[in-house]
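Nothing fancy with the numbering, it's 1 onward along the sequence. All heavy atoms count here, side chains included; hydrogens, waters and symmetry mates do not.
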Amino acid sequence: MTTAHVAYALSWIVSVTIIFIGIRFLLVPRAAAAAFGVAVPPDIGQADAYFAVKGIRDIASGLVPIALILASTQHAVGWFMLMITVVPIGDALIVLRHQGPKVTAYAIHGLTAVLLLITAGLLLS
């Protein structure tokens with residue numbers, strides 16, 4: 001298996017995972033928010049609209065790299081993976097800023113950023 005095969009496999013895994021996370025935000029938004037690291041009290045009814053926005057954005061964030069994988073070059077996918085790394089870094093900062101679990105900020109969002117950087121590096125090399 002070549003480096004490119006590993007990088008594309010990682011790209012698929014990341015893409016499909018974020019699509020499932022987006023679907024989870026649409027179907028069970030409060031559980032998804034808690035898993036994200038920022039639980040929302042049940043008495044905040046308007047939060048559901050924001051959960052839906054996040055769900056749709058996550059689904060789109062997973063579909064774009066799939067489109068790039070299917071129709072573009074290895075370098076284009078690599079650049080996308082590098083640029084999208086800002087999302088899990090931002091997510092980690094949001095969790096930390098709102099006193100969410102540090103383990104979630106670092107172990108989920110931080111490791112996702114590292115995975116994206118490794119994937120981008122493999123695709124761009």
Side-chain donor/acceptor pairs under 3.5 Å, residues 118-125, sequence neighbours excluded:
residue, atom, partner, partner atom, Å
T119, OG1, L115, O, 2.8
S125, OG, G121, O, 3.3
S125, OG, L122, O, 3.0

Exercise. Would you mind reporting whether R57 and F25 have side-chain heavy atoms less than 4.5 Å apart?
Key: no
Result block: side-chain N/O donor-acceptor pairs under 3.5 angstrom for residues 85-105, not counting sequence neighbours:
residue, atom, partner, partner atom, Å
T85, OG1, M81, O, 2.9
T85, OG1, L82, O, 3.1
Q99, NE2, R97, O, 3.1

Considering only distance and modelled atom types, tabulate donor-acceptor pairs under 3.5 Å from the side chains of residues 35-42, sequence neighbours left out.
none

Quiz item: Rounded to the nearest 0.5 Å, how far apart are OG1 of T112 and OH of Y106?
Solution: 14.5 Å
Exercise. Please round to the nearest 0.5 Å and tell me the distance separating atom OG of S61 and atom CD1 of I21.
Key: 10.5 Å
Practice problem: Could you tell me which residues satisfy ring pair (Phe, Tyr, Trp, His ring centres under 6.0 Å) with F80, sequence neighbours excluded, listed by chain and number? | Solution: none
Quiz item: Taking atom CD1 of I84 and atom CG of L117, what is their separation to the nearest 0.5 Å?
Solution: 12.0 Å
Exercise. Check the hydrophobic clustering (I, L, V, M, F, W, Y; side-chain heavy atoms under 4.5 Å; chains of links allowed) and say if V114 and M83 are grouped together.
Key: no
Self-check item: Inter- and intrachain pairs under ring pair (Phe, Tyr, Trp, His ring centres under 6.0 Å), touching residues 55-78, at least two apart
Solution: none
Quiz item: Atom CG of L116 and atom CG of L111: how far apart are they, to the nearest 0.5 Å?
Solution: 11.0 Å
Quiz item: Could you give all pairs that pass the side-chain hydrogen bond (donor to acceptor under 3.5 Å, both in side chains) test and reach residues 4-29, with sequence neighbours left out?
Solution: T2-H5
Self-check item: Reported CD-to-CG distance for the pair Q74 and L68, which is rounded to 0.5 angstrom
Solution: 12.5 Å
Practice problem: For D58, check salt bridge (charged side-chain N to carboxylate O under 4.0 Å, His left out) against everything at least two apart and list the hits. | Solution: K54
